[in-house]
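These figures come from a predicted structure and were not determined experimentally.
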Amino acid sequence: MSALTPARLGLTLEGVPYSAEYDDVYHSAAGAGAQARHVFLAGNHLPERWHGRERFVILETGFGLGNNFLSTWQAWRDDPARCERLWFVSLEKHPLQLDDWQRLPRDPGLQCLAQAMTQQWPPLVMGWHRLEFEHGRVQLLLYWGEALQGLEQLEGEADAVYLDGFAPAKNAELWQAPLLGRVVEKMAPDATLATYSAARTVRDSLTTLGLTVQRQPGFAGKRDMTTASKTGAASITTTSANAPKTVTVLGAGLAGCSVANRLAARGCRVLLVDAMPGLAQATSGNPMGAIQPQLARRDTLQAQWTRSAFFDTLRTVSRLRSQGLEMAGRFDGLLHLAKDEHDAQKMQDLLREQDWPATLVRWVERDEASALAGVRVARGAYWFAQAGWLSPASYCRALVQEYEPRIECHFGVHVQSLMQLQQEFPAQAYVLAHAHALQSWYPSLSLHAVRGQLSYWPESCFQAPRVPVAGDGYVMPAYQGLSVVGATYEHDSLALDLRASAQEQNRLRLQRLLPGQSVAPSHEGRAGIRTVMPDRLPILGCLDASAQVYVWAALASRGLTWASLGAETLVAQLCHDPLPIPKQWLGALTPWRE
């Protein structure tokens with residue numbers, strides 16, 4: 001991983017925010033909000049151009065202090081004819097640290113919106129970060145990293161472009177032809193562009209790229225600024241006509257409930273169908289599960305996907321709780337123990353090589369790890385301070401309750417075929433999230449069913465850790481009088497009865513993670529069936545374009561961590577919204593991959 005360099009924020013004598021990296025001010029002394037309204041909103045004929053639209057997408061090349069986004073959000077709020085959904089996609093090489101974001105001077109009208117962003121401020125970890133406001137109607141998709149790299153990863157089209165950044169003479173990288181070419185590629189037909197710059201080189205480059213370029217009066221005494229427009233035939237992604245109004249989702253576990261939530265957030269009517277008598281009663285019915293990021297020596301795609309999903313889940317849980325929706329669980333840390341001394345050394349080497357922020361992860365020796373756990377652990381560990389655990393069932397209930405009027409639950413329905421589903425629950429699109437039963441519907445998918453068994457011990461039997469302790473399996477904190485230990489990984493059976501051999505494996509697992517804790521064999525537990533692909537990545541995407549059938553499944557052992565981001569990605573595909581992941585990942589997640 002290339003380390004991010006945070007912005008070094010200063011103030012001029014006039015109190016204008018200033019960048020030490022680029023030796024330039026972030027905005028005019030006449031005011032950030034006024035500049036945003038004159039240059040970017042008026043320069044793109046906003047808010048008029050979003051009137052009557054289902055969705056409007058804005059692309060910005062430099063997030064900076066966030067004032068352009070905040071001003072656009074405020075204009076959207078103030079406009080009675082606003083579009084139904086506003087997407088704002090922004091790129092930033094040097095993001096602000098949270099402390100700097102909080103202490104920034106703001107226009108009075110933007111202060112409360114900036115405060116709302118504080119609750120979701122992304123960690124300084126390279127990649128995409130999705131923030132959600134106004135009950136899902138305003139989406140902010142941030143890319144921390146090189147702008148050109150972010151544009152190459154972006155899947156989606158923009159209706160308006162805020163070509164922003166420090167002056168071309170100060171930050172030439174953001175105004176070079178390759179980057180401007182990518183910006184123009186991402187513009188939808190009839191999209192517009194505006195920029196504070198009036199540099200001849202910028203105007204010439206935009207003209208060469210096929211835009212119609214004009215000079216406009218500049219802001220606060222500046223003579224000129226630049227606007228541009230693109231013309232062309234309409235494409236599928238510029239219209240909301242293809243976004244479904246009714247969708248049937250099969251499977252009411254973590255995957256299905258997350259998809260139902262994301263569809264309902266877009267105003268869809270969702271028919272949520274399951275054979276069980278209620279939400280999260282199959283494998284998602286485990287009493288508790290861990291949520292944590294993943295690190296890897298070569299920073300594999302699975303590690304990147306899992307980290308992005310981890311951050312998205314944290315924001316989802318925070319959003320649900322801010323609305324008073326209750327979920328059992330805590331996010332006050334998780335320990336991932338080294339397997340042995342050799343593994344401990346490799347884990348520490350990885351942290352030195354990849355330079356992760358300490359707010360995400362740091363190494364702790366055994367004594368500190370034991371103090372954090374409140375019980376003696378076997379070895380040193382990664383300490384993930386933001387990680388933790390949730391009850392899957394309570395999470396699923398909160399996801400459905402958030403948009404309950406739009407989600408119709410149909411339980412106890414045994415669906416044997418896609419044809420039966422289409423006949424009994426007609427809709428414009430279908431999402432299959434019914435785990436290992438998919439294999440019988442689509443035998444050519446490379447799905448494998450893997451049995452996993454948990455064991456429960458009463459908290460009176462041993463000293464449970466204060467936080468989840470993971471490594472070779474996991475031991476969870478006590479919840480409702482029990483501590484959960486697991487889980488086995490068995491390929492030879494799909495039976496759901498408790499196995500004494502699996503209970504013994506978990507007993508030994510407990511004693512390896514928490515040495516000195518002697519427990520008798522447990523007679524309580526639970527078995528479930530994981531659905532797994534050979535590469536241990538989930539399957540996400542279109543199964544049958546002609547029938548509008550999609551899938552979100554094969555969450556393996558990471559359902560709580562992966563469910564939210566996967567659901568958002570799938571529904572963004574279905575509704576032609578900008579994707580919250582790099583488009584390059586889609587090939588690795590497609591259900592038909594080799």
Side-chain angles (χ1 to χ4, degrees), residues 249-264 270 272-292 306 309-310 312-313 316-317 320 325-329 388-404 407 409-415 431-439 447-456 468 474 476 479-480 482 484 486-489 494 496 525-533 536 538-540 551-568 570:
V249 178
L250 181 59
L254 286 164
C257 289
S258 296
V259 167
N261 178 280
R262 296 294 79 208
L263 287 164
V270 183
L272 184 60
V273 182
D274 199 283
M276 302 299 282
L279 298 172
Q281 295 198 7
T283 304
S284 296
N286 290 341
M288 57 199 309
I291 298 175
Q292 63 172 315
T306 302
F310 170 74
D312 198 82
T313 298
T316 298
V317 171
L320 294 169
L325 296 169
E326 295 183 2
M327 287 163 287
W389 67 272
L390 270 182
S391 155
S394 67
Y395 182 44
C396 287
R397 283 195 299 272
L399 288 167
V400 171
Q401 287 169 358
E402 185 179 22
Y403 295 104
E404 206 155 22
I407 302 174
C409 295
H410 299 266
F411 298 129
V413 181
H414 295 268
V415 180
V431 178
L432 306 182
H434 59 316
H436 64 281
L438 265 171
Q439 185 66 61
L447 293 170
H448 301 281
V450 180
R451 182 184 190 275
Q453 185 167 312
L454 305 173
S455 301
Y456 309 155
Y474 54 83
M476 304 296 283
Y479 169 56
Q480 294 183 336
L482 297 175
V484 176
T488 62
Y489 219 80
L494 299 183
L496 296 180
R526 188 177 193 275
I529 306 300
R530 309 177 185 92
T531 307
V532 181
M533 289 288 284
R536 298 297 189 268
I539 54 173
L540 182 158
V551 63
W552 171 223
L555 277 62
S557 303
R558 297 184 182 270
L560 278 167
T561 303
W562 286 354
S564 178
L565 182 61
E568 176 63 34
L570 180 74

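- Residues satisfying the side-chain contact (heavy atoms from CB on, under 4.5 Å) criterion with Glu326, sequence neighbours excluded, are absent altogether.
- Looking only at side-chain heavy atoms (C-beta outward), His448 and Thr531 stay at 4.5 Å or farther from each other.
- When side chains are defined from C-beta on, Cys257 counts as touching Leu279, because their heavy atoms get closer than 4.5 Å.
- When all heavy atoms of Ser284 and Gly253 are compared, the closest pair comes out as OG-CA, 3.6 Å.
- Ala554 approaches Leu447 most closely through the heavy-atom pair CB-CD2, 3.9 Å.
- With values rounded to the nearest 0.5 angstrom, Leu325 atom CG is found 6.5 Å from Glu402 atom CD.
- With sequence neighbours excluded, no residue satisfies side chain to side chain donor-acceptor pair (under 3.5 Å) with Thr561.
- To the nearest 0.5 Å, atom CE of residue Met288 and atom OH of residue Tyr456 are 10.0 Å apart.
- Here the straight-line distance linking atom CD of Glu404 with atom CG of Leu399 works out to 12.0 Å at 0.5 Å rounding.
- Nearest approach of Gly289 to Met476, heavy atoms of both residues: C-CE, 3.7 Å.
- No side-chain heavy atom of Asn286 sits less than 4.5 Å from a side-chain heavy atom of Val484.
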Verdict with reasoning, Thr313 to Leu560, per side chain to side chain contact (heavy atoms under 4.5 Å, CB included)
CA-CA 8 Å; Thr313 298; Leu560 278 167; 5.9 Å; no
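- With hydrogens and angles ignored, the 3.5 Å screen pairs no side-chain donor or acceptor of Gln453 with any backbone N or O of Thr488.
- Considering all non-hydrogen atoms of both residues, Leu565 and Ala309 come closest at CD2-N, 3.5 Å.
- In this structure the side chain of Ser258 never reaches within 4.5 angstrom of the side chain of Thr316, judged on heavy atoms.
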Ser564 vs Tyr395, test: side chain to side chain contact (heavy atoms under 4.5 Å, CB included). Steps then yes/no.
CA-CA 11 Å; Ser564 178; Tyr395 182 44; 3.9 Å; yes
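- When all heavy atoms of Arg530 and Arg451 are compared, the closest pair comes out as NH1-O, 3.3 Å.
- Going from atom CG of Leu390 over to atom CE of Met327 covers 6.5 Å, rounded to the nearest 0.5 Å.
- For Asp274, the side chain to side chain donor-acceptor pair (under 3.5 Å) criterion is met by no residue, not counting sequence neighbours.
- With contacts defined as side-chain heavy-atom distances shorter than 4.5 Å, the pair Leu254/Thr283 does not qualify.
- Between the Ser394 side chain and the Ala328 main chain, a donor and an acceptor come within less than 3.5 Å of each other.
- Across Ala567 and Val259, no two heavy atoms sit closer than the pair CB-N, 3.5 Å.
- Partners of Arg397 by salt bridge (Lys or Arg N to Asp or Glu O under 4.0 Å), not counting sequence neighbours: none found.
- Applying the salt bridge (Lys or Arg N to Asp or Glu O under 4.0 Å) test to Arg558 and every residue at least two apart in sequence or in another chain returns nothing.
- Taken to the nearest 0.5 Å, the CG atom of Asn261 stands 6.0 Å off from the CD1 atom of Ile407.
- A search for ring-ring contact (aromatic ring centres under 6.0 Å, His included) contacts involving Tyr479 returns Trp389, not counting sequence neighbours.
- For the atom pair Gln292 CD and Tyr474 OH, the distance stands at 11.0 Å (nearest 0.5 Å).
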